[in-house]
Amino acid sequence: MTVPTSFKAPWDCDKLREECGVFGVFDNGEAAAHTVLGLHALQHRGQEAAGVVSFDGRLFHSHRAVGLVGDHFSSEAVIAGLPGHAAIGHVRYSTQGAPLLRNVQPLFADFVFGGLALAHNGNLTNALTLRRRLVEQGCLFQSTSDTEVIIHLIARSEQPTVVERLVDALQQVEGAYSLVALSGDALFGVRDPLGVRPLVLGELDGSMMFASETCALDIMGARFVRDVEPGEVVIVDRRGVHSLKPFSTPPRRFCIFEYVYFSRPDSSVEGLNVYEVRKRIGAELAHEAPAPADVVVPVPDSGVPAANGYAQAAGLPFELGLIRNHYVGRTFIEPSDRIRHLGVKLKHNANQATVAGKRVVLVDDSIVRGTTSTKIVAMIRNAGAREVHMRIASPPTTHSCFYGVDTPERGQLLAAQNNLDAMARIIGVDSLGFLSLEGLYRAVAGRGRQPAQPQYCDACFSGNYPTRLEDQGSGRAADQLSLMFEDA
Ligand code: SF4
């Protein structure tokens, strides 16, 4: 089953995209229903496909589909088809592996020790290298997903227990992974040694659960217990919760872009409320890049908290000068050329009453290609704005991400190809300003502190990648996978 190319809504593609969200629950009478709820809360982390695998004490059950959680997991029949007291789930937006049903996670395999289902948030940076080696050794791959490499490494491990096999496999991979896995008698939550992607542990009426973000616990009234630590393997079984630290632990490098854009603003990640961080980012931006303006307007929805922080710090009114249509998206699966030409107008409209005759500060979280920004600025001008000053709540995005985020090639990144003046000209603004990397670190730390760099992964701003990029280094680009594993 393939997904139409336009599924990646063309009017909405000028953003970096988080690739996945994961959820898992153990010892719960409504494991599948809770997993679906959790995935629903994590839908912002991946809208292309969703899947759930449950275990009923004897058999594993799976339901996976291309599309939104609400489109495929709402019916009682689907939940009834996922019986058992333990389940894991996954929402996906692919970068590694084409949007095919066979790539939809959780992946499942029968091993000598029994079944194991696996759901992965992140990208492995040596997956292609490992895959080639495994294929040479006779492994038959069923998907084009980098996650399947882990499945084969587990299968080939000679370690005696499931957890030791899992650790053995993960010791061979590089890159970013926050994983949940479900065997016949345990649920596992694992974060890579750098802790690039988030993963939290929660509890509901004695049932333990893992989720990419705390908003997936909040939706069902579950209690946040703690973050899974970088390099930690948490095992939940009938005997309770156990923790292993089997990996060497370099200094953590959590993805700083989770604060800028990816995580939901009501989530707390790595101990910080995302909304509060975004407001501080906006305030920092107002100090670093003030603008002669009458009103602050956010690009909704992701620019709202930073614009709020900017307006408060600058002492300017905050107005909704752009209105977002929340119902655009999957409705237009195959837009005609004429509709496609309308582009961003399907998603945003300028609110003339709040911008006409005004000097507007337009606040967005980031600029990727700049195509959406250009259209939005034109829209604000057409609505009568006297001046448009764009302020971006992150540093210029100059490098691609290889850790689980869909980024264009460097050549398509506006800031990788142009200086500030050229970018302002292209976008059509009177002035353009970005937050500095130091300012971003200050905003995340709060209370005027200036933490040492790098404490986070900030590679898409700095080019300072925290791991080797083995698949890239030898000219074997990740998209070569599709040449090896073309599918219809
Ligand atoms: Fe996050 Fe950017 Fe690092 Fe990717 S490169 S993990 S988006 S900070």
Side-chain angles (χ1 to χ4, degrees), residues 13-22 44-46 93-96 120-127 146 173-179 191-199 212-213 227 230-231 250-264 267 269-270 272 274 277-278 281 302 306 364-369 392-416 434-445 451-473 477-478:
C13 63
D14 194 22
K15 288 283 181 196
L16 299 190
R17 294 226 169 245
E18 176 64 58
E19 193 183 326
C20 301
V22 296
H44 60 288
R45 297 186 75 87
Y93 182 89
S94 68
T95 62
Q96 293 268 6
H120 171 202
N121 175 205
N123 266 162
L124 307 181
T125 52
N126 64 342
D146 61 340
V173 306
E174 294 175 2
Y177 53 86
S178 281
L179 299 173
R191 268 177 99 191
D192 65 74
L194 294 164
V196 176
R197 305 254 76 88
L199 188 66
S212 292
E213 291 180 37
D227 288 294
R252 58 174 64 204
R253 298 287 291 275
F254 181 65
C255 168
I256 205 164
F257 222 114
E258 291 279 352
Y259 292 118
V260 171
Y261 174 67
F262 300 138
S263 292
R264 239 172 68 164
S267 283
V269 293
E270 294 282 287
L272 299 173
V274 174
V277 173
R278 286 184 191 160
I281 286 173
S302 51
D364 203 354
D365 57 89
S366 58
I367 293 183
V368 182
R369 296 180 182 85
I392 303 300
S394 61
T397 303
T398 50
H399 290 74
S400 300
C401 176
F402 302 100
Y403 303 117
V405 170
D406 184 32
T407 336
E409 301 270 317
R410 267 201 93 189
Q412 294 181 40
L413 295 172
L414 188 72
F434 290 84
L435 185 63
S436 69
L437 191 56
E438 292 72 23
L440 178 57
Y441 269 74
R442 264 197 306 278
V444 174
Q453 296 175 31
Q455 235 177 60
Y456 296 93
C457 176
D458 53 34
C460 49
F461 308 126
S462 66
N464 178 6
Y465 293 97
T467 68
R468 293 189 310 153
L469 301 176
E470 191 171 352
D471 289 345
Q472 305 296 316

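Counting convention: from 1, in listed order, for ligands and their atoms alike. Because only heavy atoms are used, hydrogens play no part in the values below, and waters and symmetry mates are left out as well, while side chains stay in.
No side-chain donor-acceptor contact under 3.5 Å links Ser394 and Tyr261. For the residue pair Ser178 and Asn121, no side-chain donor N or O sits within less than 3.5 Å of a side-chain acceptor on the partner.
At the top of the distance list for atom 5 (S) of ligand 1, counting protein heavy atoms only, stands Cys460 N, 3.4 Å. In this structure, atom 8 (S) of ligand 1 lies nearest to the protein heavy atom Cys457 O, 2.9 Å. Remark: minimum distance from atom 4 (Fe) of ligand 1 to any protein heavy atom is reached at Cys401 SG, 2.2 Å.
Heavy atoms of Phe262 found under 4.0 angstrom from ligand 1 belong exclusively to the side chain. Contacts between Val196 and ligand 1 below 4.0 angstrom, taking non-hydrogen atoms only, involve the side chain exclusively.
Here the side chain of Arg410 pairs a donor or acceptor atom with the backbone of Thr398 at under 3.5 angstrom.
Heavy atoms only, all atoms of each residue included: Tyr441 and Tyr456 are closest at OH-N, 3.3 Å. What you find for Ala176 and His120 is that their closest heavy atoms are O-NE2, 3.2 Å.
With ligand atoms numbered from 1 in the order given, ligand 1 contributes 1 (Fe), 6 (S), 7 (S), 8 (S) to contacts under 4.0 Å with heavy atoms of Cys255. Close approach to Arg197 involves these atoms of ligand 1, each under 4.0 Å from a residue heavy atom: 6 (S).
Not a single N, O or S atom of His399, from either the backbone or the side chain, sits less than 2.8 Å from atom 2 (Fe) of ligand 1.
Note that SG of Cys457 is 11.0 Å distant from CZ of Phe402, once rounded to the nearest 0.5 Å.
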